[in-house]
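First the structure, in the form of structure tokens, and then the observations on it.
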Amino acid sequence: MSQSLALVQMVQQKEGHIVSDMDGERVMLSIENGKYYNLGELGGEIWDKIEHPKPVSELINELLEVYEVERDVCEEQVQAFLQHLRDENLIEVKE
């Protein structure tokens, strides 16, 4: 597995995915790799927030405004989720 994403890195959705809501959760089909993904409710929210390029730190700050969670826990969970999306080639990451 590759190194975790830095807070200053920019993340953005890659094109070529079909995304829809199913009972409040976000599901996605990647046209590129032919796989289905259940992003869940929070994952779907993160997906929506990275429609346009955004620093990881800004994404975390936006989530902290909505959810009661410790910053370090939020950072760890968001970075792990984004890393999974990156490993699956679903997002673009820029320095």
Side-chain angles (χ1 to χ4, degrees):
M1 187 157 144
S2 49
Q3 182 177 338
S4 95
L5 297 172
L7 296 176
V8 296
Q9 288 181 294
M10 302 285 283
V11 292
Q12 178 181 9
Q13 300 173 1
K14 272 193 162 183
E15 293 184 13
H17 309 296
I18 299 170
V19 181
S20 63
D21 287 320
M22 289 184 76
D23 296 327
E25 293 190 349
R26 194 62 57 89
V27 294
M28 172 176 30
L29 169 64
S30 171
I31 302 300
E32 182 178 313
N33 64 24
K35 291 184 181 178
Y36 279 98
Y37 300 90
N38 182 346
L39 301 178
E41 188 175 331
L42 183 54
E45 185 174 339
I46 291 171
W47 181 258
D48 288 345
K49 289 181 179 296
I50 61 170
E51 182 178 357
H52 303 288
K54 180 174 292 197
V56 174
S57 59
E58 184 178 323
L59 173 62
I60 290 167
N61 287 337
E62 289 177 8
L63 294 170
L64 287 171
E65 289 177 11
V66 178
Y67 297 99
E68 288 189 33
V69 61
E70 296 294 323
R71 176 173 286 279
D72 59 336
V73 172
C74 186
E75 285 180 8
E76 181 181 315
Q77 295 295 317
V78 169
Q79 287 173 306
F81 179 73
L82 292 173
Q83 186 60 52
H84 178 69
L85 294 179
R86 182 187 205 181
D87 291 345
E88 294 292 323
N89 202 28
L90 301 173
I91 61 171
E92 296 176 4
V93 179
K94 299 176 182 162
E95 299 301 321

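- Using a 4.0 Å cut-off between charged side-chain N and carboxylate O, Glu62 and Lys54 make a salt bridge.
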Quiz item: Could you walk me through whether Met10 and Val93 pass the side chain to side chain contact (heavy atoms under 4.5 Å, CB included) check?
Solution: CA-CA 6 Å; Met10 302 285 283; Val93 179; over 6 Å; no
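- Without hydrogens or angle criteria, Gln79 side chain to Leu5 main chain gives a donor-acceptor distance under 3.5 Å.
- Cluster membership for Val27 and Val19, using ILVMFWY side-chain heavy atoms within less than 4.5 angstrom, is not shared.
- With hydrogens and angles disregarded, a donor-acceptor distance shorter than 3.5 Å links the side chain of Gln13 to the backbone of Trp47.
- Counted by atom type alone, Gln83 and Asp87 present one or more donor-acceptor pairs between their side chains at under 3.5 Å.
- The nearest pair of heavy atoms linking Cys74 to Leu63 is SG-CB, 4.2 Å.
- Heavy atoms only, all atoms of each residue included: Lys14 and Ile91 are closest at CG-C, 3.7 Å.
- Taking both residues in full, the closest heavy atoms of Glu41 and Glu25 are given as N-CG, 4.0 Å, listed atom of the first, atom of the second, then distance.
- Residues Pro53 and Val11 form no side-chain contact, since every pair of their non-hydrogen atoms from C-beta on lies 4.5 Å or further apart.
- Tyr36 and Met22 are members of different hydrophobic clusters when ILVMFWY side chains are connected at heavy-atom separations under 4.5 Å.
- The shortest non-hydrogen separation linking Phe81 to Gly43 is CZ-CA, 3.6 Å.
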Exercise. Under the side chain to side chain contact (heavy atoms under 4.5 Å, CB included) rule, what do Ser30 and Leu90 come out as? Steps first, then yes or no, please.
Key: CA-CA 8 Å; Ser30 171; Leu90 301 173; 3.9 Å; yes
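- If you take CG on Leu85 and NE2 on His17, they are separated by 9.0 Å, rounding to the nearest 0.5 Å.
- Here the CD atom belonging to Glu76 is positioned 7.5 Å from the CG atom belonging to Asp72, to the nearest 0.5 angstrom.
- Checking side-chain atoms of Lys35 against main-chain N and O of Leu29 turns up no donor-acceptor pair under 3.5 Å.
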Quiz item: Please walk me through it: do Ile18 and Ile31 pass side chain to side chain contact (heavy atoms under 4.5 Å, CB included)?
Solution: CA-CA 7 Å; Ile18 299 170; Ile31 302 300; 3.6 Å; yes
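- Within the 3.5 Å criterion, the main-chain N or O of Pro55 finds no donor-acceptor partner in the side chain of Glu58.
- When all heavy atoms of Leu64 and Val69 are compared, the pair lying nearest together is CD2-O, 3.4 Å.
- The distance from the CG atom of Asp23 to the CZ atom of Arg26 is 13.0 Å, given to the nearest 0.5 Å.
- Residues Leu7 and Ile50 are members of one and the same hydrophobic cluster, defined by side-chain heavy-atom contacts under 4.5 angstrom among Ile, Leu, Val, Met, Phe, Trp and Tyr.
- Leu59 and Tyr67 fall within a single hydrophobic cluster, where Ile, Leu, Val, Met, Phe, Trp and Tyr are joined by side-chain heavy atoms under 4.5 Å apart, directly or via other members.
- Under a hydrophobic clustering in which Ile, Leu, Val, Met, Phe, Trp and Tyr are joined whenever their side-chain heavy atoms come within less than 4.5 Å, directly or via other members, Val66 and Leu42 fall into the same cluster.
- Between the CG atom in Leu82 and the CD1 atom in Ile60 there is a gap of 7.5 Å [rounded to 0.5 Å].
- Taking CD of Glu88 as the reference point, atom CD of Glu32 lies at 10.5 Å (rounded to 0.5 Å).
- Inter-residue side-chain proximity for Gln12 and Lys94 is flagged as met; some heavy-atom pair is nearer than 4.5 Å.
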